[in-house]
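What follows is a single structure, written as structure tokens, with notes after it.
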Amino acid sequence: MSGPSRAIGLVPHLFVKDVPAALTFYRKAFGAVELFRNLLPDGTVLFVELAVGDARLLVSEEIPRLDALAPPSLGGTPMLLTLETHDPDDLFRRAVFAGAAVESPIQEMFFGERYARVVDPSGHRWALTTKREQYTPDDIDARTPHEV
């Protein structure tokens, strides 16, 4: 086959300070299931592959010597992970119960989604959402609150 390479998937790879605590959170909040675990010879978690619904997520221990740093070491994260679900209200409740901090409560949004944002105990930001209505860009522009 010739031509440019095509991506076949995108898997977020999160670095955390406490892998067991992060895995417990992802199981309780998002129903994550561990698929595979890879350890370095010294026992450091190189990565754990999780299934979150139909998606995959890699979680690794912070390893400063490899420049693999968790959000607290970086002063936060510029990234937002978006997790689509059929029931964002339930997922939001589960995430908060499991220890997430609320960044934005669950609500109907002007862009046609039921949407919330939380920060997990490891410092990663998550949008929990489902599509309710499909709007055109002009519809969204007309519905956008002036303060946004």
Side-chain angles (χ1 to χ4, degrees), residues 1-135 137 140 144 147-148:
M1 178 178 199
S2 63
S5 296
R6 278 188 40 180
I8 57 172
L10 179 65
V11 180
H13 191 155
L14 307 181
F15 297 97
V16 301
K17 288 187 175 274
D18 184 342
V19 171
L23 296 180
T24 296
F25 173 82
Y26 297 135
R27 280 186 198 108
K28 287 180 179 178
F30 305 142
V33 176
E34 184 172 326
L35 301 176
F36 183 78
R37 184 180 290 238
N38 194 343
L39 303 176
L40 294 175
D42 68 359
T44 300
V45 177
L46 184 59
F47 69 87
V48 176
E49 182 179 4
L50 301 173
V52 180
D54 293 335
R56 295 291 183 264
L57 178 67
L58 298 177
V59 177
S60 292
E61 192 170 327
E62 179 177 76
I63 307 171
R65 72 182 183 278
L66 298 179
D67 201 27
L69 302 173
S73 296
L74 296 169
T77 179
M79 188 171 63
L80 179 66
L81 299 153
T82 299
L83 186 54
E84 290 186 358
T85 177
H86 295 292
D87 190 349
D89 292 80
D90 180 58
L91 204 58
F92 177 76
R93 282 189 294 274
R94 288 173 47 189
V96 172
F97 181 77
V102 175
E103 191 173 271
S104 176
I106 190 90
Q107 58 189 306
E108 295 293 332
M109 299 299 290
F110 65 90
F111 45 82
E113 297 178 15
R114 184 118 179 108
Y115 180 94
R117 284 191 318 273
V118 297
V119 180
D120 73 30
S122 296
H124 295 284
R125 297 173 65 226
W126 294 83
L128 311 175
T129 186
T130 192
K131 300 255 191 266
R132 295 279 198 222
E133 301 178 50
Q134 292 291 327
Y135 293 121
I140 292 172
T144 302
E147 61 272 2
V148 173

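Numbers for residues simply follow the sequence, beginning at 1.
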For this session: For the pair Val59 and Leu57, evaluate side chain to side chain contact (heavy atoms under 4.5 Å, CB included) and give the outcome as yes or no after the intermediate values.
Result: CA-CA 7 Å; Val59 177; Leu57 178 67; 4.2 Å; yes

Give every donor-acceptor pair under 3.5 Å between a side-chain atom in residues 32-47 and any protein atom, sequence neighbours left out.
residue : atom : partner : partner atom : Å
Glu34   : OE1  : Arg27   : NH2          : 3.4
Glu34   : OE1  : Arg37   : NH2          : 2.9
Glu34   : OE2  : Arg37   : NE           : 3.0
Asp42   : OD1  : Thr44   : N            : 2.9
Asp42   : OD1  : Thr44   : OG1          : 2.7
Asp42   : OD2  : Thr44   : OG1          : 3.2

Calculate, to the nearest 0.5 Å, the distance between atoms [atom1] and [atom2] belonging to [X] and [Y] respectively.
| X | Y | atom1 | atom2 | value |
| --- | --- | --- | --- | --- |
| Phe92 | Leu83 | CZ | CG | 13.5 Å |
| Arg117 | Trp126 | CZ | CH2 | 15.0 Å |
| Leu128 | Glu84 | CG | CD | 11.0 Å |
| Phe25 | His124 | CZ | NE2 | 10.5 Å |
| Leu10 | Arg56 | CG | CZ | 13.5 Å |

For this session: List for me each residue that meets salt bridge (charged side-chain N to carboxylate O under 4.0 Å, His left out) alongside Arg94, sequence neighbours excluded, and say none if there are none.
Result: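 Asp90.
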
Problem set entry | Steps toward side chain to side chain contact (heavy atoms under 4.5 Å, CB included) verdict (Glu49, Leu58) | CA-CA 5 Å; Glu49 182 179 4; Leu58 298 177; 3.7 Å; yes

Problem set entry | Phe15: ring pair (Phe, Tyr, Trp, His ring centres under 6.0 Å) partners, not counting sequence neighbours |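 By the ring pair (Phe, Tyr, Trp, His ring centres under 6.0 Å) rule, Phe15 matches His13.
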
Problem set entry | Minimum heavy-atom distance Pro72-Ser122, with the two atoms named |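 Looking at all heavy atoms of both residues, the closest pair is CD-O, 3.5 Å.
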
For this session: Would you name the heavy atoms of Pro121 and Ala98 that are closest together and state the gap between them?
Result: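 Of all heavy-atom pairs spanning Pro121 and Ala98, the closest is CG-O, 4.5 Å.
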
How would you list, by chain and number, every residue that makes a side chain to side chain contact (heavy atoms under 4.5 Å, CB included) with [X], sequence neighbours excluded?
| X | result |
| --- | --- |
| Leu69 | Glu62, Pro64, Asp67, Ser73, Leu74 |
| Thr85 | Pro88, Leu91 |
| Thr77 | Pro71, Met79, Arg125 |

Problem set entry | Main-chain N/O of Arg114 paired with Thr129 side-chain donor or acceptor, under 3.5 Å |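 At least one qualifying donor-acceptor pair exists.
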
Exercise. Is there side-chain contact between Val16 and Asp120, with heavy atoms separated by less than 4.5 Å?
Worked result: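 Heavy-atom side-chain distance check fails, nothing below 4.5 Å.
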
